Amino acid sequence: MSLAGHLVELRRRLMIAAAALVVGMIVAFIVTDPIIELVTEPIRIVDKLRGGDGSALLNFDSITAGFDLRMRISFAIGLLISAPVWLWQIWAYVMPGLTRREVRYTVGFMLAAVPLFFGGCVVGWLIMPHVIEVMAAFVPEQGALFYKYDYYYDFVFKLLLVLGIAFVLPVFLVALNLAGVLSGRDILKGWRIAILVATLFAAVTTPAADITSMLLLAGILIVLYFAAVGVALLFDWRKRRREKAMMAEEAA
């Protein structure tokens, strides 16, 4: 295919992906009320803990704030709903240029990365209420907690996104191993740094007063790291075995 043909094909794929995203956003916009209800549950819990006098509320500080929040949620949920379509468009565009081995590795990477990403988002969703409750405990009783809607949404969204990406990082280590950039032993040599980074990341992501959430998150990240080490060592062993077999055949 010529360069012009590639560009035409890319434009067609992008238009299909964009159309799927718009449809997903429309569907998500219709169901934003229950989503907002779920996301703001920690605020209501904080309000009850402070006596239920309305001193903890989600604050909309402009005329268009309510619409803006719904559009933000619609984009995020729409992106998620339309993921099968736009992921397939990306895959269909790239796949013809890949070898059979690269296709197999790419499929394996996606099958591992997608569940881990959503697993990280689930962990973030479970931690998020505790983070908000613990941080609210530092506010004096005579103070009011009016959470600005955009700041609150960004906090929840970024927390889920960061934890989702953190859970996928071990898959990238395995991908680097398959690419020949890092061996399993090289990855294992950095276990002290990995544990330190996982602990610091968990400490930064969770409140200092919430030790349980911090230890849980750090433990999960460390287990995923050593799982990546084990997979990389297994791939290295299989690679050495294939090389020995090829050398034996050549010698024969």
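Values in this document were obtained by computation on a predicted structure and should not be read as measured data.
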What pair of heavy atoms forms the shortest contact from [X] to [Y], and how long is it?
| X | Y | answer |
| --- | --- | --- |
| Ala56 | Val46 | CB-CG1, 3.9 Å |
| Asp47 | Ser55 | OD1-N, 3.2 Å |
| Ile222 | Ala198 | CG1-CB, 3.9 Å |

CA sep, side-chain torsions, deciding dist, call: Tyr147, Asn59, side-chain contact (heavy atoms from CB on, under 4.5 Å): CA-CA 5 Å; Tyr147 296 96; Asn59 184 32; 5.9 Å; no
Side chains of [X] and [Y]: does their closest heavy-atom pair fall under 4.5 Å?
| X | Y | answer |
| --- | --- | --- |
| Phe146 | Ile43 | no |
| Arg72 | Asp154 | yes |
| Leu21 | Trp86 | no |
| Met25 | Met71 | yes |
| Leu69 | Asp150 | no |
| Ile16 | Val85 | yes |
| Arg70 | Ile36 | yes |

Donor on one side chain, acceptor on other, Arg44 and Thr40, under 3.5 Å: yes
Nearest-0.5 Å distance that lies between atom CD in Gln89 and atom CG in Leu87: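 Here the rounded value is 10.0 Å.
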Atom pair SG/CG of Cys121 and Leu126 - distance to nearest 0.5 Å: 11.0 Å
Ring pair (Phe, Tyr, Trp, His ring centres under 6.0 Å) partner of Tyr153, chosen from Phe155, Phe157, Tyr149: Phe157
Under 3.5 Å: donor-acceptor pair, side chain of Tyr225, backbone of Trp191: yes
Flag, side chain of Thr64 to backbone of Phe67, donor-acceptor distance under 3.5 Å: no
Derivation of the side-chain contact (heavy atoms from CB on, under 4.5 Å) call for Leu57 and Leu145: CA-CA 6 Å; Leu57 295 170; Leu145 282 166; over 6 Å; no
Whether over 12 other heavy atoms sit under 6.0 Å from Arg240 CZ: yes
Which residues share a side chain to side chain donor-acceptor pair (under 3.5 Å) with Asp236, sequence neighbours left out: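 Asp236: side chain to side chain donor-acceptor pair (under 3.5 Å) contacts with Asn177.
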side-chain contact (heavy atoms from CB on, under 4.5 Å) partner of Phe117, chosen from Val168, Leu163, Val122: Val168
